[in-house]
Amino acid sequence: MSEAGGRGCGSPVPQRAPWSLVAATAAICLVSATSVWTVGAEPMSREEKQKLGNQVLEMFDHAYGNYMEHAYPADELMPLTCRGRVRGQEPSRGDVDDALGKFSLTLIDSLDTLVVLNKTKEFEDAVRKVLRDVNLDNDVVVSVFETNIRVLGGLLGGHSLAIMLKEKGEHMQWYNDELLQMAKQLGYKLLPAFNTTSGLPYPRINLKFGIRKPEARTGTETDTCTACAGTLILEFAALSRFTGATIFEEYARKALDFLWEKRQRSSNLVGVTINIHTGDWVRKDSGVGAGIDSYYEYLLKAYVLLGDDSFLERFNTHYDAIMRYISQPPLLLDVHIHKPMLNARTWMDALLAFFPGLQVLKGDIRPAIETHEMLYQVIKKHNFLPEAFTTDFRVHWAQHPLRPEFAESTYFLYKATGDPYYLEVGKTLIENLNKYARVPCGFAAMKDVRTGSHEDRMDSFFLAEMFKYLYLLFADKEDIIFDIEDYIFTTEAHLLPLWLSTTNQSISKKNTTSEYTELDDSNFDWTCPNTQILFPNDPLYAQSIREPLKNVVDKSCPRGIIRVREESFRSGAKPPLRARDFMATNPEHLEILKKMGVSLIHLKDGRVQLVQHAIQAASSIDAEDGLRFMQEMIELSSQQQKEQQLPPRAVQIVSHPFFGRVVLTAGPAQFGLDLSKHKETRGFVASSKPYNGCSELTNPEAVMGKIALIQRGQCMFAEKARNIQNAGAIGGIVIDDNEGSSSDTAPLFQMAGDGKDTDDIKIPMLFLFSKEGSIILDAIREYEEVEVLLSDKAKDRDPEMENEEQPSSENDSQNQSAEQISSSSQEVDLVDQESSEENSLNSHPESLSPADMDNAASISPSEQTSNPTENHETTNLNGECTDLDNQLQEQSETEEDSNPNVSWGKKVQPIDSILADWNEDIEAFEMMEKDEL
Ligand code: DMJ
């Protein structure tokens with residue numbers, strides 16, 4: 001996409017007719033930031049930009065080098081355990097693994113990044129390796145979407161730059177379209193997925209056996225996500241145009257045509273998932289993030305690459321709908337396609353961070369600046385963008401797999417505005433990656449942005465996209481060996497040449513649905529977000545848009561559902577009842593509930609269930625209010641249930657050579673020192689003898705003053721804690737005896753007490769699953785003395801950690817040998833397993849809604865919960881912030897007094913014992929995992 005622009009805005013128009021029309025008719029294009037403003041954000045010197053560019057190169061080398069050294073030819077690097085992720089050899093992560101096809105994914109995804117980063121020699125080597133080693137005929141079921149954007153896109157991007165280099169005459173002289181041949185082979189392997197009456201592809205395919213044959217083990221799926229079916233056109237059209245085989249572009253167009261036909265006609269929005277056979281929307285919520293994102297991206301970019309007006313018309317129609325319903329600057333909130341004034345949820349996902357970049361391509365800079373600024377503030381709060389965050393900017397889903405979308409938008413905004421602020425943003429991204437994600441073997445995804453703990457995962461898109469955008473952000477034209485403006489970026493940031501627009505055009509000619517008029521080139525001057533036009537009188541343009549949003553995140557109040565009907569206010573009517581205000585003891589509230597079609601059912605076991613039948617509501621507006629009320633209930637309940645769970649703790653290895661870079665997610669204990677209230681505990685580790693810690697230790701001298709490692713099993717957690725405490729340990733880490741267990745795949749839990757008084761246990765105790773535990777055990781084997789920090793959150797790695805003296809390797813008495821550890825790890829836990837797993841959301845499955853209900857939520861008096869730890873503020877309808885804890889306290893007092901039927905518990909909030917029917921969130925998360933990594 002620089003695509004777009006780069007070429008445009010007043011610069012001479014190249015000899016590619018459709019592209020010149022693109023810029024003229026679409027009001028899209030970018031402006032190269034030739035000069036850096038001297039007002040607003042401080043300008044960044046050329047030296048500093050170069051320094052940052054070099055830092056990006058070094059980081060890429062660290063990531064790529066470790067992949068090549070420790071993982072290749074595997075698909076991905078596991079950066080914590082320094083090895084390759086081979087599908088089938090690791091515990092399954094579910095749909096996320098569908099990106100892995102045993103085709104050296106990361107190498108292919110990195111090909112064109114190597115050229116952008118000016119690593120031509122490495123590129124040449126990498127291409128040879130792909131040609132020599134990669135097999136595309138494996139008996140593996142892969143995601144069609146991921147294989148298309150990462151592998152087909154990677155091969156095509158590699159091919160595009162290989163022929164560019166060859167033409168330059170210096171490198172790749174031996175190259176003979178081999179990558180293109182592989183791409184074609186892969187293209188044919190994906191085609192059977194399109195064998196549906198709708199033309200929408202099946203979500204998965206077996207690379208060797210295709211689909212629906214018994215050996216294929218796939219082909220029974222009925223649904224796919226909109227992005228999955230609508231993100232093919234760039235790669236498939238490029239493949240057709242490079243090779244002359246028109247079938248690929250035809251199939252991708254057919255899928256897009258079908259999606260367009262199926263759009264919800266009154267809102268012009270599309271849902272998140274669709275039935276590939278009937279075309280019915282399976283999930284009717286609609287946003288610009290997970291499940292839909294790149295469908296919109298590809299409509300606009302298909303227009304840029306192929307010059308077909310119908311794509312632009314479709315994009316513009318959708319874009320109007322997005323701006324009307326979903327965009328609530330600076331937020332982008334999902335709505336229902338049939339009721340687009342109704343928000344579908346109160347949280348946003350990280351994938352939508354690409355949208356400001358797309359808005360730049362569209363030429364709509366203001367909302368791009370606003371949303372980007374909001375996202376940046378969330379990042380500043382949590383160091384990374386959590387996978388999902390609420391409208392009041394709290395973490396909703398704490399993972400962060402090093403996604404590149406925000407860097408992508410930052411790059412495009414810098415290109416469009418030239419505002420050095422965006423260079424500073426890029427600098428922060430670099431610092432955070434190095435500070436929090438860098439580990440000795442690469443960069444590790446964040447398991448929890450709040451604790452700073454890691455996941456043993458480095459996705460291929462991190463190399464395909466993150467380094468490309470960060471490098472380009474700081475690069476001047478002369479730092480790149482080709483003209484980046486001649487290419488369009490795919491959704492995986494692979495580069496496809498714009499000259500494809502005039503090559504093998506037969507398909508687009510055939511399918512062009514609308515006419516366009518060739519415009520005069522002079523129109524270029526007036527159709528782009530050209531700084532010369534937009535900003536000449538106001539060089540602080542971008543800053544002036546950001547200014548009002550300066551503290552939008554810090555000063556925010558929880559917004560719940562924010563779209564309150566304006567007419568209610570205007571007419572002086574009472575604002576609708578909010579879930580957080582609801583009191584089951586208030587007769588007025590019960591009356592409102594009735595009006596909204598919500599009934600309160602008292603279950604035999606004392607719980608209360610809320611059910612909504614929209615049809616029983618007094619009016620359609622009341623029905624809408626009821627629907628919103630139910631959603632709020634579910635949302636509030638799920639938030640509170642999350643808060644009830646003790647947050648995870650962190651074990652951070654601080655000694656040489658880790659220096660705090662390895663942070664392991666740990667489970668807390670319900671006894672012993674509470675690390676959230678006290679300073680962290682730091683000490684060297686020593687294994688206890690016996691390793692299960694179930695009797696008096698025989699090696700007290702070894703654990704004295706140290707953090708003892710104990711194996712799970714054979715006695716209660718509290719008993720282990722007492723035994724190591726008696727031996728003089730200052731803390732304890734219980735390591736799971738279940739070989740291969742990991743917090744990646746198993747839910748974290750709190751170690752329960754033994755039912756007795758545990759006040760005598762003063763030391764902190766943490767639990768590690770086996771995989772995380774073995775990282776410490778391996779470290780002991782290799783470095784003998786290993787120092788760790790037990791805390792509620794990873795601490796910043798300060799230079800002190802690195803300056804500390806290297807531990808002496810002579811103190812043998814404090815080391816456990818590998819044999820000792822592994823021999824004692826055979827014992828089995830019989831006792832403490834059950835007592836510890838207590839935080840299940842599903843403890844009352846019987847209270848979920850009956851089949852005929854439209855909406856239901858259940859209230860269980862038996863679900864006693866602790867008060868939320870955070871001090872929440874809420875926005876009342878006058879827009880003031882009030883203290884939720886106070887509100888809740890007051891409320892619970894009233895309830896206790898007056899209602900024997902709805903027992904809310906002794907000190908509980910009115911909504912904290914509602915069982916959440918949280919299907920929507922869960923589905924959304926699953927979809928993100930499934931369809932978009
Ligand atoms: C990438 O693989 C692509 O950008 C895709 O469209 C969505 N997200 C991932 C990275 O987050």
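Just the heavy atoms: all of them, side chains too, but no hydrogens, waters or symmetry mates, feed the values below. Read the numbers this way: they start at 1 and go in the same order the structure lists the ligands and their atoms. Numbers here are sequence positions counted from 1. Since the model is a prediction, treat every value here as computed from it, not as a measurement.
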Contact (N/O only, under 3.5 Å) between [X] and ligand 1:
X	result
Thr491	yes
Arg150	no
Glu465	yes

[Y] and [X], any side-chain heavy atoms less than 4.5 Å apart:
X	Y	value
Phe236	Phe194	yes
Tyr251	Leu232	no
Lys119	Asp61	yes

Residue portion contacting ligand 1 (non-hydrogen atoms closer than 4.0 Å) for [X]:
X	answer
Pro404	side chain
Thr231	neither
Asp459	neither

Among Arg93, Arg87, Lys102, Arg457, which residue meets the salt bridge (charged side-chain N to carboxylate O under 4.0 Å, His left out) test with Glu76?
Arg93
Candidate pair Tyr422 and Tyr414, rule ring pair (Phe, Tyr, Trp, His ring centres under 6.0 Å), full reasoning:
CA-CA 6 Å; Tyr422 296 109; Tyr414 177 60; 7.4 Å; no
Per-atom contacts, ligand 1 versus Ile149 - under 4.0 Å to a heavy atom
2 (O), 3 (C), 5 (C)
Taking only heavy atoms of Leu351 into account, list the atoms of ligand 1 that are under 4.0 Å away from them.
7 (C), 8 (N), 11 (O)
Does a side chain donor of either Thr224 or Glu221 reach within less than 3.5 Å of an acceptor in the other side chain?
no
Could you establish whether Glu297 and ligand 1 come within less than 4.0 Å of each other, counting only heavy atoms on the residue side?
no
Parallel, tilted or perpendicular: rings of Trp260 and His318 (30°, 60°)
perpendicular
